[in-house]
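Report on the structure given below.
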Amino acid sequence: MGVVTPSTDRTPKQDRSRATRRRLLEAAVACLAEHGWAGSTVSVVAERAGVSRGAAQHHFPTREDLFTAAVEYVAEERSAALRALPVQGRAAVVAALVDLYTGPLFRAALQLWVAASNEASLHPRVSELEARVGRETHRIAVELLKADETRPGVRETVQGLLDMARGLGLANVLTDDTARRQRVVAQWATLLDDVLN
């Protein structure tokens, strides 16, 4: 009979597993944003996360599992950050909402959308995920803007803001659009004040 030696690692296995999963998700989003769908493989993500390919596949059996979970994870993190925003003026809320669509998460999601448009196995998963994220973002925007959607045109105005933010995100993909974006954000805040007050 062999001697059982206690592990010197005091981090519980479940905590290490959660940390590995989080590193994989964050690495997957970064890879999608930087390399696109074609350049983002499970091996590339595992290497970036500092784990073995086997560990990556233990958490996410398929490439589709990994990347849809990654975009969902970061979307949830950003939603939590939005919900935690202190009460502030509409211009700050508009800027925060636009920031959702101009960072690495949007770039990663965009790559996933493009891949889903051509890959039948990915399409339903990404469509469902985007619908859910879109509803949640709309709900948070309504709360932050203190918008009364029972008034005619308010729901469409909030959705227009989110659509505009997505368009600004697209404009920012190829070039830094910061200066123009700041002017558009200021104008939208003024328009929202007119509609929502």
Side-chain angles (χ1 to χ4, degrees), residues 22-45 47-49 60 63-82 85 90-141 144-145 156-192:
R22 186 175 53 253
R23 283 197 320 271
L24 284 164
L25 294 171
E26 290 169 354
V29 168
C31 285
L32 268 178
E34 292 171 18
H35 307 295
W37 177 254
S40 297
T41 64
V42 174
S43 295
V44 169
V45 171
E47 183 178 328
R48 185 177 189 129
F60 304 100
R63 182 181 186 206
E64 290 82 3
D65 292 337
L66 172 61
F67 288 104
T68 54
V71 171
E72 182 173 27
Y73 166 76
V74 178
E76 288 170 1
E77 293 288 307
R78 292 302 304 264
S79 292
L82 273 178
L85 282 175
R90 287 203 176 108
V93 171
V94 171
L97 290 167
V98 168
D99 284 348
L100 274 179
Y101 295 98
T102 55
L105 170 61
F106 180 75
R107 286 180 181 267
L110 183 59
Q111 294 296 328
L112 202 57
W113 296 344
V114 171
S117 72
N118 296 314
E119 296 197 22
S121 64
L122 195 56
H123 188 272
R125 297 174 78 168
V126 173
S127 294
E128 188 276 327
L129 171 62
E130 285 306 316
R132 195 174 46 201
V133 168
R135 286 189 302 271
E136 176 67 5
T137 304
H138 185 97
R139 191 185 62 70
I140 292 169
L144 291 173
L145 293 166
E156 293 77 11
T157 300
V158 172
Q159 191 57 53
L161 164 64
L162 296 174
D163 291 344
M164 179 272 305
R166 191 175 296 111
L168 290 174
L170 284 171
N172 199 56
V173 167
L174 296 177
T175 60
D176 182 1
D177 200 35
T178 305
R180 185 179 72 87
R181 186 170 61 245
Q182 289 172 342
R183 292 190 307 272
V184 172
V185 166
Q187 181 61 28
W188 262 92
T190 300
L191 292 170
L192 284 170

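In this chain, residues are counted from 1 in sequence order.
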Counterpart residues, side-chain contact (heavy atoms from CB on, under 4.5 Å), relative to Arg107 (two or more places apart): Ala33, Val173

Going through the checks in order, is the side chain to side chain contact (heavy atoms under 4.5 Å, CB included) test met by Leu100 and Leu162? CA-CA 10 Å; Leu100 274 179; Leu162 296 174; 6.0 Å; no

CG/Leu168 to CG/Leu97 distance, rounded to the nearest 0.5 angstrom? 11.5 Å

Among pairs that include at least one residue of residues 164-179, which meet side-chain hydrogen bond (donor to acceptor under 3.5 Å, both in side chains), considering only residues two or more places apart or in two chains? Asp163-Arg166, Asn172-Arg181, Asp176-Thr178, Asp177-Arg180, Thr178-Arg181

Under the side-chain hydrogen bond (donor to acceptor under 3.5 Å, both in side chains) rule, what pairs show up with a residue in residues 24-36, not counting sequence neighbours? Glu26-Tyr73, Glu34-Arg48

With heavy-atom distances below 4.5 Å as the criterion, would you say the side chains of Val93 and Leu192 are in contact? no

What residues form a side-chain contact (heavy atoms from CB on, under 4.5 Å) with Ala95, not counting sequence neighbours? Val185

Given side chains that start at C-beta, do those of Glu64 and Ser121 come closer than 4.5 Å, heavy atoms only? yes

Contact summary for Val158 and Ala141, nearest pair of heavy atoms: CG1-CB, 3.9 Å

Value for OG1 (Thr68) from CZ (Phe60), rounded to nearest 0.5 Å, stands at 8.5 Å

Output all residues satisfying side-chain contact (heavy atoms from CB on, under 4.5 Å) with Val29, sequence neighbours left out; order by chain, then residue number. Ala70, Val74, Ala108

Kindly indicate, with the supporting measurements, whether the criterion side chain to side chain contact (heavy atoms under 4.5 Å, CB included) is fulfilled by Met164 and Val98. CA-CA 8 Å; Met164 179 272 305; Val98 168; 4.2 Å; yes

What is the distance from atom SG of Cys31 to atom CD of Glu47, rounded to the nearest 0.5 Å? 9.0 Å

Could you give the distance from CH2 (Trp37) to CD (Glu119), rounded to the nearest 0.5 Å? 5.5 Å

My understanding is that only residues two or more places apart in sequence, or in another chain, count here; which of them pass side-chain hydrogen bond (donor to acceptor under 3.5 Å, both in side chains) with Ser43? Arg53

Going by salt bridge (charged side-chain N to carboxylate O under 4.0 Å, His left out), name the residues that satisfy it together with Glu128, two or more places apart in sequence or in a different chain. Arg132

Which residues share a side-chain hydrogen bond (donor to acceptor under 3.5 Å, both in side chains) with Glu136, sequence neighbours left out: Arg83, Arg139

Counting C-beta onward and ignoring hydrogens, is there a side-chain heavy-atom pair between Val71 and Val133 closer than 4.5 Å? no

Would you name the heavy atoms of Arg125 and Asp65 that are closest together and state the gap between them? NH2-OD1, 2.6 Å

Under the side-chain hydrogen bond (donor to acceptor under 3.5 Å, both in side chains) test, which residues partner Glu130, sequence neighbours left out? Trp113

To the closest 0.5 Å, what do you measure between CD1 (Ile140) and OG1 (Thr137)? 6.0 Å

Residues two or more places apart in sequence or in another chain: which of them pass side-chain hydrogen bond (donor to acceptor under 3.5 Å, both in side chains) with Trp188? none

With the side chain counted from C-beta on, respond yes when Leu191 and Thr157 share a heavy-atom pair under 4.5 Å apart, and no when they do not. no

Verify side chain to side chain contact (heavy atoms under 4.5 Å, CB included) between Val126 and Phe67, making sure each step is shown before the conclusion. CA-CA 10 Å; Val126 173; Phe67 288 104; over 6 Å; no

With Arg23 via side-chain contact (heavy atoms from CB on, under 4.5 Å) - residues at least two apart: Ala19, Thr20, Ala49, Val51

